[in-house]
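Take a look at the structure below.
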Amino acid sequence: MGEQGRDEDKLYAMRHSLAHIMAGAIQKLWPDVKLGVGPVVENGFYYDVDLGPDRKISEEDFAKIEAEMRKIIEADVPFERFEKPIDEAIQWARDAEQPYKEELLNDLKRAGTTVAKDLSADEMGTIAEGGGSAVENVSFYKDGDFTDLCRGPHAESTGKVGAFKLMRVAGAYWRGNEKNPQMQRMYGVAFASQKELDNYLKMLEEAKLRNHRRLGQELDLFLFSDLVGSGLPLFTPRGTVLRDELAKFAESLRHASGFQRVSIPHITKTELYKVSGHWDKFGDELFLVKSQETSDEFALKPMNCPHHNQIYASRPRSYRELPIKYFETTTVYRDEKTGELGGLSRVRSITQDDSHAYARPDQVEGVVAGLIGDIQTLYTTLGLTGMRARLSFRDDSDRYLGEPKLWDEAQASIRRLAEANELQYFEAAGEAAFYGPKIDFMVTDAIGREHQVATVQLDFVQPERFGLEYTAEDGSAQRPVMVHCAILGSIERFLSVYIEHTAGKFPVWLAPEQVRLITVNQESDTVEFAQKVQNQGVELGLRVTIDNSNESVGKKIRDAEVWKVPYTVVIGEKEMSSDRVVPRIRKDMDVLAAHPELNFDEFLKTVANEAKARVSQSSM
RNA sequence: GCCACCUUAGCUCAGUUGGCUAGAGCAUCGGUUUUGUAAACCGAGGGUCGUCGGUUCGAAUCCGACAGGUGGCUCCA
């Protein structure tokens with residue numbers, strides 16, 4: 001570990017120390033506060049506090065708390081470490097009337113250093129000493145009047161903690177369990193220097209400018225209506241271009257990989273999900289639909305696999321025709337809890353580029369390898385890089401269906417696939433679907449944030465439940481394995497990522513408006529010329545618009561910039577007489593810049609080719 | 001669903017300790033202008049201040065409920 005590692009350790013200690021300082025400040029202001037845990041997180045720290053049922057900290061209190069923290073920092077008192085036997089520590093917590101600490105210590109005593117069931121390893125790590133045997137002593141840190149049980153490490157003294165800012169207060173359940181009382185989680189950010197803190201805050205401002213909700217409004221891509229309901233986005237013509245073009249691209253990849261399109265209704269009798277197993281697992285997320293005609297109970301489909309299974313099951317299948325691969329871009333509906341909705345990232349009508357392949361066991365790896373290739377092609381084309389794969393496996397809880405032996409085989413097979421396809425991967429226990437393990441793909445956006453996008457899942461539970469079969473070479477009936485895959489994942493969620501990644505500067509093939517023609521005046525020959533150019537463009541499959549409004553050219557140029565149109569062409573006397581195009585090219589693009597001297601015909605063809613080739617811009 | 005905060009015109013926002021007919025810019029519409037690469041000029045329309053209820057002589061402003069939103073928690077097939 002070099003210089004950088006030591007700096008990171010130092011920063012960690014600073015942030016951790018600030019968590020203590022904040023807790024101390026809060027305790028000074030509200031002496032009977034009950035403290036939870038206060039770990040370091042990305043960019044800062046938090047501390048969970050509980051002022052009792054009738055009192056809450058709000059953001060208005062931040063100035064007060066920060067002032068109190070600064071007093072502690074200015075006092076520059078040392079962080080002193082000492083140890084107590086576990087029983088004395090428990091007594092300390094009892095005397096201090098800190099029931100949450102007492103609970104942690106009791107778990108620590110009972111469970112040793114193994115992680116208590118409800119507590120994440122990281123949280124536990126902040127209070128427990130390492131080692132494998134039962135805990136006998138626990139360590140404390142004291143700065144001034146404030147003492148907290150803590151593993152450390154800390155800064156030397158409260159004066160050496162860098163620059164910080166309290167950011168927000170949020171509700172958080174004690175130990176992350178919604179059955180436990182809810183505490184207030186105080187978040188702060190902290191860096192070694194004020195300059196780094198300022199840079200971080202500036203980055204947050206930039207992220208705000210890219211926010212997909214804001215751009216969705218500014219660029220007229222999608223909206224929500226109170227009458228339609230929350231979590232139900234409506235897409236405008238411009239937004240629909242994005243959706244359609246993305247879906248078309250995903251579809252073309254599927255087509256090349258031998259998938260066949262199918263089409264299913266958006267509702268079904270609930271019976272379907274009782275057979276599939278979804279009813280028991282996810283019944284509370286179903287939108288139920290009533291018929292006025294029959295007594296059957298219907299639901300809006302929350303996933304597509306059971307429907308697709310019915311198509312597979314509609315006739316006897318031979319080993320010769322496997323793998324059978326169905327694909328469809330379609331919308332599913334999930335009754336998400338209102339507090340979980342947000343912009344396009346979490347919606348109640350979710351459009352998936354969903355596929356289900358039914359394969360013989362010996363074909364599974366080939367099918368999955370093909371899907372991985374398609375996923376890589378799509379994200380590379382979209383300029384989303386740094387792909388990582390999460391191998392989502394089961395843990396030892398009882399929420400999974402299917403034979404453990406099948407799970408082991410499938411997980412081993414997924415591991416082999418990750419190796420064979422040279423994926424950069426890591427494993428995560430407890431992330432599997434209830435019916436099988438999966439590979440989840442994450443990509444990194446233009447400002448360094450990682451998002452989960454595509455997913456490939458193996459499933460042996462549903463073929464069993466639906467009695468899916470094929471006739472093998474020897475005439476016996478065999479079970480196919482199902483492979484679920486969505487490349488874009490949810491188109492809505494994908495757009496939330498992609499709009500922020502591009503900041504709304506879409507590449508030509510996705511741009512809702514690819515070429516905007518600006519007339520210098522409203523004379524009929526100018527307008528007719530523009531219309532002729534537009535028609536030519538439309539014939540080439542381009543999205544060309546004309547702005548012949550009665551505004552100055554300067555104003556119309558500005559408008560085109562604001563709408564982030566890739567190519568803008570002013571049409572006036574010069575262009576009409578010379579048939580030369582001097583396109584105004586959006587600054588992030590570099591494709592046409594190499595061909596400055598084109599006539600209208602050449603220009604349009606060049607743009608059409610760029611769109612057809614799905615060229616991504618090099619800089620975003 | 002839980003916690004904190006937010007909601008004034010299509011958008012972004014002003015609106016003093018509760019007190020005259022609730023304002024601005026952009027956008028929209030009408031007129032003048034016929035324009036050359038990031039904002040021409042003049043004028044007009046547009047608001048039950050999220051909704052409902054309460055306190056008050058008087059509510060955009062104070063209180064409550066509900067709806068919608070933001071950030072978290074929990075969840076995410």
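Numbered from 1 within each chain, the chains take letters A, B, ... in sequence-line order.
Using a distance-only test at 3.5 Å, with no hydrogens or angles considered, a donor-acceptor pair links the side chain of A/K301 to the main chain of A/T331.
You'll find that the side chain of A/F282 is closest to B/A77, out of B/A38, B/U35, B/A77. The side chain of A/K555 approaches B/A40 more closely than any other nucleotide in the set B/A40, B/G1, B/A77. Ranking B/G72, B/G36, B/A77 by closeness to the A/R168 side chain, first place goes to B/G72. Here the side chain of A/Q182 is nearest to one of B/A77, B/C3, B/U35, namely B/C3. Comparing B/A39, B/G1, B/G36 by their closest approach to the side chain of A/V520 singles out B/G36. For A/I557, the listed nucleotide lying nearest its side chain is B/U37; candidates were B/U37, B/G1, B/A39.
Between A/D354 and A/H484, the side chains place no donor N or O within less than 3.5 Å of an acceptor N or O (distance only, hydrogens not considered).
Within the 4.0 angstrom heavy-atom criterion, only backbone atoms of the sugar-phosphate kind lie near A/R213; the bases stay farther away. Among the atoms of the strands shown, none is found under 4.0 Å from any heavy atom of A/Q462. Residue contacts for A/K281: at a heavy-atom cut-off of 4.0 Å it reaches no nucleic acid atom on any strand shown. Note on A/A170: a base of the nucleic acid sits closer than 4.0 angstrom, heavy atoms only. As judged by a 4.0 angstrom heavy-atom cut-off over every strand, A/F224 is placed among residues making no nucleic acid contact. Using a 4.0 Å heavy-atom distance criterion, A/Q457 is classed as a sugar-phosphate-only contact.
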For nucleotides 45-48 of chain B, which of its nitrogen or oxygen atoms have a protein nitrogen or oxygen under 3.5 Å away, and what is each distance?
none

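Rounded to the nearest 0.5 Å, atoms CD (A/E450) and CE (A/M442) are 4.5 Å apart.
The stacking criteria are not both satisfied for A/F434 over the base of B/A77, which would need a centre-to-centre distance under 5.5 angstrom and an angle between ring planes under 30 degrees.
Taking for each of A/R493 and A/R348 the nucleotide of RNA chain B with the nearest heavy atom, the 5'-most of the two is the partner of A/R348.
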